[in-house]
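Note sheet for the following structure.
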There are 2 protein chains.
Amino acid sequence: MKQRLPVQGAQGDLLRLVATGAAESRAGLARMSGLAASSVSLRVEELIEAGLLVEEGSGTSRGGRRPRRLCLSPTAGVLAVADLGAHHARLGLLDLSGAPLVVEEVPCEITEGPEATLDLLSDAFDRLLAERVPPSVPLRGVGTGVPGPVDPATLRVVTPSRMPGWNDFPVADHLRARYDLPVLVENDANLMAAGEARSWPGRENLMVLKVGTGIGCGAIVDGRLHRGRGAAGDISHVRVSSDSSVICACGHHDCLEAYASGAALIAALAEAGIEVRHTSGVVDLVNDAVPEATSMVRTAGRRIGEVLTVLVNFFNPDVVAVGGSLSAAEPLITSIRAAVYERCLPLATRDLEIAPARAGRDAALLGAGSLLLDAVLA
Amino acid sequence: MKQRLPVQGAQGDLLRLVATGAAESRAGLARMSGLAASSVSLRVEELIEAGLLVEEGSGTSRGGRRPRRLCLSPTAGVLAVADLGAHHARLGLLDLSGAPLVVEEVPCEITEGPEATLDLLSDAFDRLLAERVPPSVPLRGVGTGVPGPVDPATLRVVTPSRMPGWNDFPVADHLRARYDLPVLVENDANLMAAGEARSWPGRENLMVLKVGTGIGCGAIVDGRLHRGRGAAGDISHVRVSSDSSVICACGHHDCLEAYASGAALIAALAEAGIEVRHTSGVVDLVNDAVPEATSMVRTAGRRIGEVLTVLVNFFNPDVVAVGGSLSAAEPLITSIRAAVYERCLPLATRDLEIAPARAGRDAALLGAGSLLLDAVLA
DNA sequence: TCCACTTCCTTCGATGTCGAAGATAAAGGG
DNA sequence: CCCTTTATCTTCGACATCGAAGGAAGTGGA
């Protein structure tokens, strides 16, 4: 079962406020939405009538009458979201508040091309829906992250270096043809940033770094994901100063990614005679206090930090959140912090927080849910 | 005469659309505002009644009946705006569409402190109003740019390196006490960016560089000025790679400003035995094809370009506009362009335009008008 | 226990906005 | 020149939103 969400006008805003947890009573909705209390009551009545909201007991008093707590009906619908990686797809179903109902990871070679990959994805969605969701609960939207740039205007993948066969493929159209629902297609780092943003309420400007096998980055500006022309957020191919000279996959010399990514560290360790297979292995070495590994992670952190100084001065964010598998190595974030604090303007670092990412492994799925909800309630 | 603009609700939006030139008929307003044509008619009627709009002949037909052209009444009001520099203040009066009525430059030492400077400014405003504006035309708002960071929450100047005595001074409150009108206080580079933005219709993401005695920068993100925590846009104290080592006024080594600003070039020329007093002198030397000067400007452009690569990859703007007195030296922009195009991701430079600023010497005043209009019509 | 006070929520008349329909005014083609 | 087409603008009834007033349901202090 699939079905467009039947909301119009102010109903969407109210539903969104309940979904995101910003408000959970009529009075709270009135405060947050700016609508008059009377209007809120009317719209809420309609949303309850439509089966999208339910009244559930009463909340805690703020000094007067207790509010009647509102929450999304569990039957209001679900969202199907995924995050495509090079060899795996992480996918799941969320309720309309963005909370995961089920998440799983399936092997999936993105090099097999868009049709095969997206069909595998859709089949997995359909299976999960059949297994986990009563037929009466409709699917309301579909979204996926891809490991490459997405043109925000057309929702096509553009010049993806790691996705042969995907160039200019109309991902959104392909999914829409199957589901006829609001569809979201977004770069994976951007999704992660959007997901992370929900873990930092009140912070309007965030940089979210993903340091894993590669290096990704997304930016939240004034509370909204910054897309630019579709390529925004890249920092992996920034030139770093170095004595040596390494050629990056992108064709340039001395890219940050060629020095500070998990893949680069694995290669450097191999040269030092230490064999490691995955980025997690590097983290293990650091936790075992292997000096070479620790030193290399420190250097990587410093290099990332040096690039960040430029961006922190310019963008002046509230938070730099560092995630990705390599962020589990504690010296990484410490040395990023040291480089930024040493070199940035005091004004820019005065209230800046450089901290581990909070949203966890499902950050990208949560981000997809957050952005998709906006599309569903548009 | 001063007076808050008596607009409410949709009237403000409509007036703003006329003021910015986005629409000039009722039908155009309906298209741009999203309001129904009938509502537009009603509100426009009220605005004409209030003397803020006037009907002025008819516009050009788009295939049917000719629209009745609307424009702001010349008696609707004026804005008083200024841009404080280190030794001069540029100030003027604008009509509500943001067009300058009169602009002049007065000597003004910002080191004399906030009270003296702001009083000088206010006196100049009052004089211009008395001389140039009929008493029946009310002042609607006051705004100024300052050469230092401004906290967007409190509109106070914070830790300004070149404005001794101004730290934490409540500039906005001081002006509001005298005028009791909407007041704008903003960093000068940000004002320039806002002014430049109006010269690039349709472009939503801009970086605006001001290369003069110092180096300033402002960013327009999704059509709005990005403030961050008040320090956004700074690129002058980014570290550049260099053989030598120069100490900047900020206390760090090898800041961009210490290598690529007009002041740095004047110092470097002096070392080469060539005496120049102002940045304009450097431009003259370049235009006279003095090889040392040309070479130095090229190097400065390349250094600026190298810093820009990081920001262009990350921010992915539509336009980088280069202004400031040194931008008149043609090799500057050429070498910036070369550095950015050589090193940035193709996706980021695909539709990127790196061009001379269009807004001219009054850019900051125009920007102040643009931002102030938003405050006046809020 | 009673009562003043706060907060939550609804009722009701006034006002704003909408869309459909029609009046007005011009362009363009036979 | 007339008629069709297109666009602009206004009129009018339906609906949404607002604010004020008041009822409902709590809290906290005398």
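Every chain is numbered from 1, with letters handed out A, B, ... down the list of sequences. Everything quoted here is computed from the prediction, not taken from an experiment.
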How close or far is atom [atom2] of [N] from atom [atom1] of [X], stated in whole angstroms?
{"X": "A/Arg69", "N": "D/dG26", "atom1": "CZ", "atom2": "P", "answer": "15 Å"}
{"X": "B/Glu46", "N": "C/dG16", "atom1": "CD", "atom2": "P", "answer": "7 Å"}
{"X": "B/Leu42", "N": "C/dT15", "atom1": "CG", "atom2": "P", "answer": "14 Å"}
{"X": "B/Ile48", "N": "D/dC9", "atom1": "CD1", "atom2": "P", "answer": "10 Å"}
{"X": "A/Arg62", "N": "D/dA25", "atom1": "CZ", "atom2": "C1'", "answer": "15 Å"}
{"X": "B/Glu45", "N": "D/dC9", "atom1": "CD", "atom2": "P", "answer": "12 Å"}

Worksheet item: Between residues 25-33 of chain A and DNA chain C, which residues have a heavy-atom gap below 4.0 Å?
Response: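 Under 4.0 Å from DNA chain C: A/Ser25, A/Arg26, A/Ala27, A/Arg31.
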Fill in: B/Thr144, B/Leu365, B/Leu366 screened by side-chain contact (heavy atoms from CB on, under 4.5 Å) with B/Val81, the one that passes
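So, applying the side-chain contact (heavy atoms from CB on, under 4.5 Å) to B/Val81 and each of B/Thr144, B/Leu365, B/Leu366, only B/Leu365 qualifies.
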Worksheet item: For B/Val221, does its backbone N or O pair with a side-chain atom of B/Asn205 as donor and acceptor, under 3.5 Å?
Response: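 Side chain of B/Asn205 to backbone of B/Val221: no pair is present.
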Discussion item. Tell me whether the rings of A/His226 and B/Phe315 are parallel (<30°), tilted (30 to 60°) or perpendicular (>60°).
Written reply: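 Answer is parallel, since the angle falls under 30°.
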Worksheet entry | Crowding at CZ, A/Arg358 (>12 non-hydrogen neighbours, <6.0 Å) |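 Counting other residues, nucleotides and ligands, CZ of A/Arg358 exceeds 12 neighbours.
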Is it true that [X] and [Y] make a salt bridge, defined as a side-chain N closer than 4.0 Å to a carboxylate O?
{"X": "B/Arg156", "Y": "B/Asp151", "value": "no"}
{"X": "B/Arg203", "Y": "B/Glu196", "value": "no"}
{"X": "B/Arg26", "Y": "B/Glu55", "value": "yes"}

Practice prompt. Taking only the side-chain nitrogens and oxygens of A/Arg43, find out if one of them lies under 4.0 Å from OP1 or OP2 of D/dT17.
Written response: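 Checking D/dT17 against A/Arg43, a side-chain N or O does come within under 4.0 Å of OP1 or OP2.
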Worksheet item: For every nucleotide of nucleotides 19-30 of chain C, 5' to 3': is a protein heavy atom under 4.0 Å from its base (B), only from its sugar-phosphate (S), or from neither (-)?
Response: B----BBSS---
Practice prompt. Could you note down all residue pairs passing side-chain hydrogen bond (donor to acceptor under 3.5 Å, both in side chains) where residues 70-79 of chain A supplies at least one of them, sequence neighbours left out?
Written response: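 For residues 70-79 of chain A: A/Ser73-A/Thr75.
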